[in-house]
Amino acid sequence: MDPLSNNYGALQDYLVLATTNLAMRPEEIIQLYGRRWQIETYFKAAKQYLALNRSQIQSYDGQCGYIAVTMITYDLLAWQERLNTDDRTIGGLFYIMNQALPDIRFMDALVYLFHELGRAELSLTDHIDNIINRFIAQLPITIQKALNTGI
């Protein structure tokens, strides 16, 4: 970009993340940057909206308590915002589903799929429909209704 143009400081098409740790993979760098960004946004919100930097408390214990209350307030507000605005979670369903479904390796999932398909006494498409219907039957009723209505 030409520093003399009118677009100086405009958003770029890419973001450069660098590290001195050459052993890190790009995915790890991005993950660590994401964690760091969450910390930065917390401190900005805590200072701007929760008056973290305007405390008049002089004692160490008082400061620790003030910071703890500020963090709890932030956590409650962030949690409430997620429940109300983030459709991906559908309330706490996202977390419940992650706890209910353990991590499974791709190869294990593929072996399970082939095992199930190999047991098929019906035609392949009928068997796949049967598996999908059994899966949907295990979902919470609200999700089943949403799937049936096409929402």
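With sequence neighbours left out, the side chain to side chain contact (heavy atoms under 4.5 Å, CB included) criterion links Arg54 to Ala51. Ile72 is linked by a side chain to side chain contact (heavy atoms under 4.5 Å, CB included) to Leu76, counting only residues two or more places apart in sequence or in another chain. Applying the side chain to side chain contact (heavy atoms under 4.5 Å, CB included) test to Tyr49 and every residue at least two apart in sequence or in another chain returns Ala45. Listed by chain and number, the residues in a side chain to side chain contact (heavy atoms under 4.5 Å, CB included) with Ile57 are Ser55, Ser59, Gln63, Tyr66 (sequence neighbours excluded).
No side-chain heavy atom of Ile29 sits less than 4.5 Å from a side-chain heavy atom of Asn21. In this structure the side chain of Glu28 never reaches within 4.5 angstrom of the side chain of Thr19, judged on heavy atoms.
By the rule that hydrophobic residues join a cluster once side-chain heavy atoms approach within less than 4.5 Å of another member, Leu32 and Ile30 end up as members of one cluster. Clustering ILVMFWY residues whenever any of their side-chain heavy atoms sit less than 4.5 angstrom apart, transitively, puts Leu77 in the very cluster that holds Leu52.
Surrounding CE of Met71 are at most 12 heavy atoms belonging to other residues, nucleotides or ligands under 6.0 Å away.
Residue pairs meeting the side chain to side chain donor-acceptor pair (under 3.5 Å) criterion with at least one member in residues 38-48, sequence neighbours excluded, are Arg36-Glu40.
Rounded to the nearest 0.5 angstrom, Tyr74 OH and Phe43 CZ are separated by 10.5 Å.
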